[in-house]
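Each remark here refers to the structure printed beneath this line.
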Amino acid sequence: MPAQFDSFGLRFLYPDNWTVADRAEEEGDQGATLDIPGGGFFSIERTKADEVPGLIEQIVDAIAADYEDLEREDVTLDVLPAETPVTDLRFYYLDLLIVSRIVILRTDGDPDGDDVLMVQIQAESRDFDKNDAVFAAILKQIAP
């Protein structure tokens with residue numbers, strides 16, 4: 001039986017063996033992180049559209065500062081409109097290949113809207129591949 005997420009104007013189903021991580025008070029109430037069994041996470045944050053380019057680069061820069069040989073690729077996902085910004089990052093941690101996907105979703109379908117959802121999905125490559133259909137299903141539920 002799937003669990004249901006229902007907070008800050010979002011509602012979607014997710015696997016019941018995932019857990020919603022506690023958020024520090026200073027992180028606010030406009031986001032959530034779901035922890036995936038075996039490691040990894042699915043994080044959603046409501047933010048202002050004009051902050052997105054800087055935020056994406058901050059994430060990329062932070063990962064690049066900690067891990068060598070960061071690979072970056074802009075991709076298209078079949079479950080989302082073609083113009084949806086999606087960036088995949090790949091890097092090694094110990095001997096594991098980590099995949100981190102950043103997706104920017106309009107909250108109301110209006111390309112000029114003020115708010116967007118920034119989603120970051122990260123897991124070891126085997127776990128990422130194993131959960132890819134679940135990630136796609138969640139994105140499809142929250143995409144405009």
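Bear in mind the structure is a predicted one, so any value in this text is a computation, not a measurement. The chain is numbered in sequence order, starting from 1.
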So, are Asp114 and Lys48 salt-bridged, with charged N and O less than 4.0 Å apart?
no
Any side-chain heavy atom of Phe8 sitting closer than 4.5 Å to one from Ile44?
yes
Tell me the closest heavy-atom pair linking Tyr14 and Val20, and the distance in Å.
OH-CG2, 3.5 Å
ILVMFWY network linking Leu70 to Leu94, side-chain heavy atoms under 4.5 angstrom:
yes
Show me the side-chain donor-acceptor pairs of residues 56-68 shorter than 3.5 Å, one per line, residues at least two apart or across chains.
| residue | atom | partner | partner atom | Å |
| --- | --- | --- | --- | --- |
| Glu57 | OE1 | Arg72 | NH1 | 3.2 |
| Glu57 | OE2 | Arg72 | NH1 | 3.2 |
| Glu57 | OE2 | Arg72 | NH2 | 2.9 |

So, Ser100 and Gln120: side-chain donor and acceptor under 3.5 Å apart, yes or no?
yes
Determine, using the 4.5 Å side-chain heavy-atom cutoff (strictly less than), whether Met118 and Leu105 are members of one ILVMFWY cluster.
no
Locate the shortest heavy-atom distance separating Ala123 from Gly39; write the atom from each residue and the value.
CB-O, 4.3 Å
Shared hydrophobic cluster for Leu80 and Val134 (ILVMFWY, side-chain gaps under 4.5 Å):
yes
Look up atom NZ in Lys140 and atom CG in Leu77, then write down how far apart they are to the nearest 0.5 Å.
12.5 Å
Got Leu10 and Phe5 here, is their nearest side-chain heavy-atom distance under 4.5 Å?
yes
Clusters formed by hydrophobic residues whose side-chain heavy atoms approach within less than 4.5 Å: which one holds Leu97, and what are its other members?
Tyr92
Distance, nearest 0.5 Å, that separates CG of Asp127 from CG of Asp129
9.0 Å
Closest non-hydrogen atom pair between Val116 and Ala49, with its separation
CG1-CB, 3.8 Å
Strictly distance-based, threshold 3.5 Å: is any side-chain N or O of Arg46 a donor or acceptor partner for the main-chain N or O of Gly31?
no
Mind checking side-chain hydrogen bond (donor to acceptor under 3.5 Å, both in side chains) for Asp88 and listing every partner two or more places apart, or none if nothing turns up?
Arg101
Would a 4.5 Å heavy-atom cut-off, applied to side chains only, mark Leu139 and Phe42 as touching?
yes
Mind listing the closest non-hydrogen atom pair of Asp35 and Ala21 along with its distance?
OD2-CB, 3.5 Å
Looking at side-chain heavy atoms only, is the closest gap between Ile102 and Val86 below 4.5 Å?
no
Please round to the nearest 0.5 Å and tell me the distance separating atom CD of Glu71 and atom CZ of Phe91.
11.5 Å
Consider only side-chain heavy atoms of I, L, V, M, F, W and Y, link residues closer than 4.5 Å, and tell whether Val75 and Ile98 are in one cluster.
no
Asp16 vs Pro2 side-chain heavy atoms within contact, under 4.5 Å:
no
Is there a side-chain contact between Asn131 and Trp18, using heavy atoms and a 4.5 Å cut-off?
yes
Crowding at CG, Asp78 (>12 non-hydrogen neighbours, <6.0 Å):
no
If you measure from CG on Leu34 to CD1 on Ile138, what distance do you get to the nearest 0.5 Å?
6.5 Å
Can you tell if the side chain of Phe135 reaches within under 4.5 Å of the side chain of Phe128, non-hydrogen atoms only?
yes
With a 4.5 Å cut-off on side-chain heavy atoms, are Asp6 and Phe12 touching?
no
Hey, is OH on Tyr93 packed in by over 12 heavy atoms from elsewhere, all under 6.0 Å?
no
I'd like to know if Leu13 and Ile142 are part of one continuous hydrophobic network [Ile/Leu/Val/Met/Phe/Trp/Tyr, side-chain heavy atoms within less than 4.5 Å].
no
So does Asp22 have more than 12 non-hydrogen atoms from other groups sitting under 6.0 Å from CG?
no
